[in-house]
Amino acid sequence: MIETKSENPETREEKVDIVAFSRQLAESACHRAGAAARARAACAEGEAIAALLEPLGLARPLLAAARVYPLVRDGALAAADLDDTPLAGLRGTVGELVGLGRFTLPPDWQPGEALAVSQSEALRKMLLAVVSDARLVVIRIAEQLYRLRLAKAAAAAEQRALAIETREIYAALANRLGIWQLKWELEDLAFRYLEPDRYARIARMLAETRAKREASVAEIAGIIGAELAKNGIKAQVSGRPKHIYSIWRKMQRKGRALEQIFDVRAVRVLVDTVTDCYAALGAVHNRWSYLPGEFDDYIANPKGNEYRSLHTAVIGSGGQAVEVQIRTHDMHASAELGVAAHWRYKEGAAPRPGSAFDGKIRYLRGLLEPSDEDGDLLEQIRGDAFEDRVYALSPKGDVVEMPAGSTPLDFAYHVHTQIGHRCRGAKVNGRMVPLTYRVANGDRIEIITARDPQPSRDWLSPQNGYLGSSRSRAKIRSWFRQQDRDQNRRQGREILEREMARLNARDLPVDAIATELKAAGTDELCVALGAGDVTPGAVARGLQQLLNRSTDPGLPRRRTQARRDKGGKRFAIRGVDDLLCNLARCCRPVPPEPITGYITKGRGVGIHRNDCGNFANLRSRHPERVIEVEWSDSSEATYPVELVVQAFDRNGLLRDISSVLADERIGVASSQTRTDRQRMQATIELSLSVPGLAALSRVIGRLEQLPNVTSVKRAP
């Protein structure tokens, strides 16, 4: 509803033509001394914007406001000049139009830098939320189109900045509002400025003007309408030529050439019933030949978003391909206003059933249709459709979307968690406010922070009113949980030591494992383990990745040999050529643990772990027998390892252990069980063949989870 000081501007039309008066007021401003040139430009802009809006059926007071708004914006006419005139009631409307100019690209934007998707979406919503009459956004869209038209003679950098702003905000908003008359030109001009070569190439390929294409579509629509009437089918037929940007988008999306795009010309047929849909389809196919493979029955098989329609492509008059869409009026309403709305399909957005923004779009589309109850509808939507969200500005001009009822403290947490933790106060629109202040649409918020984070537990109490967002409360609770770091560190240290022990890898550098797992150090790794953010299995994987990278890339790469130990299990070693080799029984290395070869007398090369104690003694006595070897990357190789399982004896224990090993596809070379009858404890020694350290860790973890099993360790 447009506010007035005395009477509704619509009622004043009985006394004076408000549109004619706005034109006279603009012309008089052009003749004022000192502002003639500026006023003439603003006057021309106002006339052009009004001409764009008239086909949309906007109320006459809005058309009048559109004419005088550029004059007020550019200073050629003062807002006070509207007082004591038939336009006095439009002063607030014009002021809101001027205010809309501040919702543009962020101030730190540079030419060629596109907006983030989330930022542009929030900005589009804000444009609708902050104005008392949402139809003013339509005026702003028309103004943007006028600016694009004028930019044909502007510098390339200015064209690009304006085009990105249009593509990210105003073209998408026009699409959502269903203002096709403005949308296609916004998209085409933005595409022309951003991709001039591609635009020119597609325009040349079309080989005809848009006016000719529109005439061609109108002719086809007329033929289809007559054909349906002849068959007794009541239908509403409309046509449209596909604009250049939409053609390019479809070529990119489908990976097709222009000749393979069959909806460059498209006709839409609306009928009353589903039966009429198929009858109309038959009439169209009887009139023209259809293109095989281009028929889609989305009525029998709706799309995932519940979109329903019949699509076919035919060869129309002059041998030109035409797409024909046939649907009922209800299907069309669902496609335009429901979860299958055309703008959702175009923008690739996932539907949010029942969202307030969808409700706003439905109201706005209704407002674009002239109605005798226009004033009541405007009064109904004011503030209602966006009551679940609020949009505020950061000092840099970024838009932050929050739940309705949010506070400056919520704003701080939405910007960054640490800003929320360090928040000590806030300014809204330049004035200090309490942290319990409720944010309104368009508020510019500046957060005052302390040096160190120190949230208060009082913030968590809903009765205190500090927070309106559950997301902010979750972040504060997480901060307090982090205060238990000492306990998490102790528990994590125990988990880490247990994992290293069961892998028999105590001598490996723990700090390096922490770095591999993106932890700041061993303490941070222990805290993460204690809190459950890192699992013991991740430690084994990090250990394997670390050892894989620690292999010296400068070692000579010799022919890989698949070897067999005495148990017949295959393993792969580089660096031994055709020598017999065996994995040393004292340490039983498993890839990717670092290894070294030692030439024995009569038994070939023994493969030891680098940290093996027996190997250290052998190397000190016969260093000349030490050779460099490494694991190969054979995917089929397996390596022997011995495990010791401690458990309380029970029936089925061996069966459960065998099931785990079978599930993991681990071969068992031998097993030996010793049972202490007095203590009812069983010790099971397993000789296994594993493909690597990660598989070994996984097997140990699963065995430890079996009932009655107390420990599983790799044999030293």
Side-chain angles (χ1 to χ4, degrees), residues 412-413 415-424 449-457 459-460 471-552 587 589-594 609-613 643 646 692-705 709-714 716:
Y413 277 106
V415 172
H416 195 281
T417 301
Q418 287 302 315
I419 293 179
H421 290 338
R422 296 190 292 117
C423 177
R424 291 297 175 269
T449 59
R451 180 177 179 179
D452 299 318
Q454 194 174 0
S456 170
R457 292 190 183 272
W459 294 354
L460 294 173
R471 174 185 172 188
S472 303
R473 291 191 183 93
K475 291 183 176 182
I476 295 175
R477 292 190 185 100
S478 176
W479 187 87
F480 282 112
R481 283 197 299 269
Q482 291 300 319
Q483 304 313 299
D484 300 327
R485 286 176 58 88
D486 290 341
Q487 180 179 353
N488 289 338
R489 185 185 296 108
R490 288 193 300 271
Q491 294 176 348
R493 177 71 67 178
E494 294 174 1
I495 295 171
L496 181 60
E497 290 177 353
R498 185 168 63 248
E499 180 69 12
M500 299 295 286
R502 73 180 189 177
L503 295 176
N504 200 9
R506 290 190 180 92
D507 297 333
L508 294 174
V510 178
D511 286 340
I513 298 175
T515 302
E516 183 66 28
L517 295 177
K518 312 300 183 186
T522 303
D523 280 351
E524 293 297 326
L525 176 60
C526 292
V527 170
L529 281 167
D533 297 330
V534 175
T535 64
V539 173
R541 289 192 296 272
L543 176 60
Q544 179 154 353
Q545 293 169 3
L546 177 65
L547 294 175
N548 281 337
R549 279 203 300 274
S550 67
T551 301
D552 183 5
C587 56
V590 175
E593 294 173 331
R609 283 167 46 181
N610 283 356
D611 59 355
C612 175
L643 293 183
Q646 298 285 346
L693 195 61
L696 175 61
S697 175
R698 188 168 60 250
V699 168
I700 292 175
R702 290 195 60 182
L703 291 176
E704 286 180 333
Q705 294 174 8
V709 173
T710 57
S711 72
V712 182
K713 293 183 179 180
R714 185 178 174 188

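Note that the numbering runs from 1 along the sequence shown for the chain. Worth saying up front: this structure is predicted, and the values here are computed from it rather than measured.
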If you take all heavy atoms of Arg714 and Leu696, which pair is closest and at what distance? CD-CD2, 4.0 Å
Could you label the plane-to-plane angle of the Tyr413 and His421 rings as parallel, tilted or perpendicular, counting under 30° as parallel and over 60° as perpendicular? perpendicular
Kindly write out the residues that satisfy side chain to side chain contact (heavy atoms under 4.5 Å, CB included) with Val415, not counting sequence neighbours, or none if the list is empty. Val400, Phe411, Ile419
Reported CD-to-CG distance for the pair Gln491 and Leu496, which is rounded to 0.5 angstrom: 13.5 Å
Salt bridge (charged side-chain N to carboxylate O under 4.0 Å, His left out) filter on Arg473, not counting sequence neighbours, yields none
With sequence neighbours left out, the residues meeting side chain to side chain contact (heavy atoms under 4.5 Å, CB included) with Arg422 are Thr449, Pro453
To the nearest 0.5 Å, atom CD of Glu494 lies from atom SG of Cys526 at 10.0 Å
Do Asp523 and Arg493 come within less than 4.5 Å of each other through their side chains, counting heavy atoms only? yes
NE2-NZ distance between His416 and Lys475, expressed to the nearest 0.5 angstrom: 8.0 Å
Matching residue for Val712 among Gln646, Arg702, Glu704 - test: side chain to side chain contact (heavy atoms under 4.5 Å, CB included): Glu704
Taking atom CD of Gln454 as the centre, report whether more than 12 heavy atoms of other residues, nucleotides or ligands fall under 6.0 Å from it. no
